[in-house]
Amino acid sequence: MQQAVGLRVAYRIKGILLGDPMLFSELSGFYTELESVSSRLTMMEIMGKMFSKIGISEVSAAIYMTEGILLPPFEGLEFGIAEKLMVEAIAKGTGYEKKEVNDLYKKLGDLGSTAESLKSKSHIRRMQEHKYTVNEVYSTMLSIAKESGQGSKDKKITILADLIASSTPQEAKYIVRYPLGALRLGAGDSTILEALSIAYTGSRDAKADLENAYNLCSDLGYVGESLLSNGIKSIKAFKPTLFKPLRPALAERLPTAEEILEKTGGKAAVEQKYDGFRVQIHKKGDRVQIYSRRQENVTEMFPDITAAVRSEIPNESIIFEGEALASNEATGEFLPFQETIQRKRKHGISEKSAELPLSVMAFDILYLDGTEMLTKPYTERRRAIEKLFSNKKVIRPTRMEVISEPKALEEFFEQSVENGLEGIMAKDLSAQYSAGARKFSWIKLKRSYRGELSDTVDLVIVGYYLGKGSRAEFGFGGLLCAVYNEEKDVFETISRIGTGFTESQMQELKEKLSRIKQKSRPPRVDSIVEPDFWVSPKYVVTINADEITRSPMHTCGRSADNAGVESGYALRFPRLVGNETIRSDKGPEDSTTTKEIIEMFKSQKRVGSKP
Ligand code: ATP
């Protein structure tokens, strides 16, 4: 079948689009449409149409662009473009003075719209008219990011200015917004996955398979490319790949030993829960890479772990997970997180690793010498871990006991807490590893205190307040925070947080948030309340509270109650806690979900404030 797509001719054979590549002007047209709608259904339709017009050679570029990233996080390539640099590029690319760019920016609150507006008036408009393809714009962005060293700033400005000079006003808007991480399309990964399913299979039914593939490689571009090259069959048969980190399996919460054992069929493997960094380690021959919970490549930070993997694991290839933490070499006792965190650094790595060597407490294995392990039951994976690591020095198995009595589980828990650990992880003996999903195959039980939630929650900041009196002068008075609603792919507010900040935390928050503040509500934020400033969902904070209550003020889990009054969930007496002001290991979509809050609310009702 042949179809006219904008100015090009495209046709499909066996569902694969061939023909001329997509022009960036066409993609920008779709982005403008996406920006103007708020209904997720309409958004999905537009995005589905957009992807159905994209061919194999450009699908990964189009997906990364739509995600607002250059490459998946484990590739470690960032744009490295600050607003100031972009202002210079816009000035150069439109022929206006920097001051004129800045003045308009102040008025519009967005550099993309600033560039669009200046381009439509610019006297050097389309001087070197060029019809960019999606791939051309993407590869230019890649080359900008790869520029480093002396003179790189000027080179980046020149390349961006050239792009802006020869683009249309609408294209310029997205050329500016993309590297600044401010596309504002209102689409998260979950929406993109659903749109891909619609575009290439005609229905939403393939979303679960696509999501599974994504969970196994953390690379949406790669998933899209596999889908277009080899069809949905290849997606259904997707396997983990060495050096593409899997998205982590996550734990549910239950408040009592009885409930935990009931959920796991009367018996569970109960492991000690360590408080360090989660690491996923990939090894093939001599090559070793270490990934964080957010799938960033952190290999450089941990030369001691890399060396231990090479010396302690004779196997040719392996993917396994564990918690890395510092311990007192003389006593063997684990050190608190505040000590371990000092190993997260970019400078003085070798000195610090000699001073604070890490152990890796291995808790799962996903791949071993060509065998996919993640689909095997826990018992088999655990056996492999014990066989591999029982007599090793740096990498060791977590302490585990198979338990079937609530009393024994409680004792194991108490003992772990007495030993200074966080609590326990109970694991279903027959369950597979569930990449990227929070399931009852892992259940966490942590220390809890009377009168507090059974667990802290991780919230994403969506706005901030200036506060009153001295705080207003200071420029920071509190946060508006949200949880993630996975089904709707939006962030729903749950709490305003005004207490628990130290002066240095307020300073840090003010500095970080003022850099990303916005005049209008970000598209994926669902809120009834208005903060003084909105911020795009980016930073996650850990919050403790006394309890979860129903509230008409917040959109988290909003529904009509028995009396027909719409209300959501909120936190009572929320306060900032945690080891870091902003969690370095969590992105916005890793924050606590609406579903978890509803579950915590229900279990809070069941057990009251039992410790
Ligand atoms: P989550 O990772 O569930 O979003 P979180 O980051 O707040 O939540 P916790 O609630 O403390 O972390 O618990 C989960 C984390 O516990 C895991 O991501 C892992 O890093 C750590 N962990 C420590 N010991 C174990 C263990 N024995 N088995 C699995 N995970 C463990």
Side-chain angles (χ1 to χ4, degrees), residues 245-255 260 268-281 290-295 298 320-325 327 334 336-337 340-341 344 358-366 374 378 381-382 385-386 389 395-403 412-413 416-417 419-429 431 433-448 453-460 483-484 486 540-544 577-580 582-593 595-597 599-600:
L246 294 91
R247 289 162 58 78
L250 300 170
E252 287 279 2
R253 309 170 177 83
L254 280 175
I260 290 174
V270 185
E271 296 184 18
Q272 285 189 326
K273 184 174 187 309
Y274 308 88
D275 195 9
F277 309 125
R278 183 172 185 155
V279 286
Q280 189 179 104
I281 300 176
I290 306 172
Y291 304 99
S292 71
R293 189 192 180 287
R294 291 180 82 169
Q295 300 86 48
V298 290
F320 72 103
E321 272 192 330
E323 194 80 355
L325 69 169
S327 56
F334 293 115
F337 187 80
T340 304
I341 194 151
K344 266 205 169 169
L358 298 176
S359 305
V360 177
M361 303 307 288
F363 55 73
D364 224 313
I365 180 161
L366 314 175
L374 78 160
Y378 172 88
R381 302 202 307 278
R382 176 72 195 185
I385 287 179
E386 285 177 5
F389 303 125
I395 310 165
R396 287 176 279 154
T398 51
R399 229 197 101 201
M400 184 279 281
E401 273 179 33
V402 176
I403 289 179
F412 189 89
F413 173 78
S416 304
V417 172
N419 290 343
L421 300 174
E422 265 201 308
I424 54 110
M425 278 281 197
K427 302 187 176 175
D428 184 330
L429 293 159
Y433 182 89
S434 51
R438 196 177 290 283
K439 289 199 174 161
F440 282 101
S441 42
W442 284 12
I443 306 170
K444 55 188 173 191
L445 184 65
K446 293 202 229 173
R447 268 171 303 189
S448 68
L453 291 182
S454 59
D455 193 6
T456 53
V457 286
D458 299 314
L459 306 180
V460 60
V483 289
Y484 179 49
E486 288 171 296
V540 174
V541 285
T542 301
I543 301 296
N544 203 351
V577 293
N579 297 311
E580 304 166 281
I582 285 167
R583 298 262 320 225
S584 56
D585 63 341
K586 286 202 170 188
E589 274 104 1
D590 299 316
S591 49
T592 301
T593 60
K595 192 169 147 247
E596 286 178 84
I597 293 289
E599 272 163 19
M600 286 172 84

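Counting starts at 1 for both ligands and their atoms, following the listed order.
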Distance alone, cut at 3.5 Å: any donor-acceptor contact between the side chains of Y274 and Q272?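 Distance-only check passes for Y274 and Q272.
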Quick test of your reading of the model: are R278 and D585 salt-bridged, counting only N-O distances below 4.0 Å?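 Looking at D585 together with R278, the answer is no, because their closest N to O distance does not fall below 4.0 Å.
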Does a side-chain N-to-carboxylate-O contact under 4.0 Å join K439 and D428? no
Would you indicate whether K444, at its atom NZ, is surrounded by more than 12 heavy atoms from other residues, nucleotides or ligands within a distance under 6.0 Å? yes
Name all residues meeting the side-chain contact (heavy atoms from CB on, under 4.5 Å) criterion together with S292; count only those two or more places apart in sequence or in a different chain, and write none if there are none.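 S292 satisfies side-chain contact (heavy atoms from CB on, under 4.5 Å) with R294, E296, V298 once adjacent residues are dropped.
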Check the angle between the aromatic planes of F389 and F320 and answer parallel, tilted or perpendicular using the 30° and 60° thresholds.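 Ring orientation, 0 to 90° scale: tilted.
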For ligand 1, which of its N or O atoms have a protein N or O partner closer than 3.5 Å, and how long is each gap?
| unit_1 | atom_1 | unit_2 | atom_2 | d |
| --- | --- | --- | --- | --- |
| ligand 1 | 2 (O) | R293 | NE | 3.2 |
| ligand 1 | 2 (O) | R293 | NH2 | 3.1 |
| ligand 1 | 3 (O) | R438 | NH1 | 2.9 |
| ligand 1 | 3 (O) | K444 | NZ | 2.9 |
| ligand 1 | 4 (O) | R293 | NH2 | 2.7 |
| ligand 1 | 4 (O) | R438 | NH2 | 2.9 |
| ligand 1 | 4 (O) | K586 | NZ | 2.7 |
| ligand 1 | 6 (O) | R583 | NH2 | 2.9 |
| ligand 1 | 6 (O) | K586 | NZ | 3.4 |
| ligand 1 | 7 (O) | D458 | OD2 | 3.3 |
| ligand 1 | 8 (O) | K444 | NZ | 3.2 |
| ligand 1 | 10 (O) | K444 | NZ | 2.5 |
| ligand 1 | 10 (O) | K446 | NZ | 3.0 |
| ligand 1 | 11 (O) | K273 | NZ | 2.6 |
| ligand 1 | 11 (O) | K446 | NZ | 3.1 |
| ligand 1 | 13 (O) | K273 | NZ | 3.1 |
| ligand 1 | 16 (O) | K273 | NZ | 3.2 |
| ligand 1 | 18 (O) | R278 | NH1 | 2.9 |
| ligand 1 | 20 (O) | E323 | OE1 | 2.6 |
| ligand 1 | 24 (N) | Y274 | N | 3.1 |
| ligand 1 | 27 (N) | E271 | OE1 | 2.9 |
| ligand 1 | 27 (N) | Q272 | O | 3.0 |
| ligand 1 | 28 (N) | K427 | NZ | 2.8 |

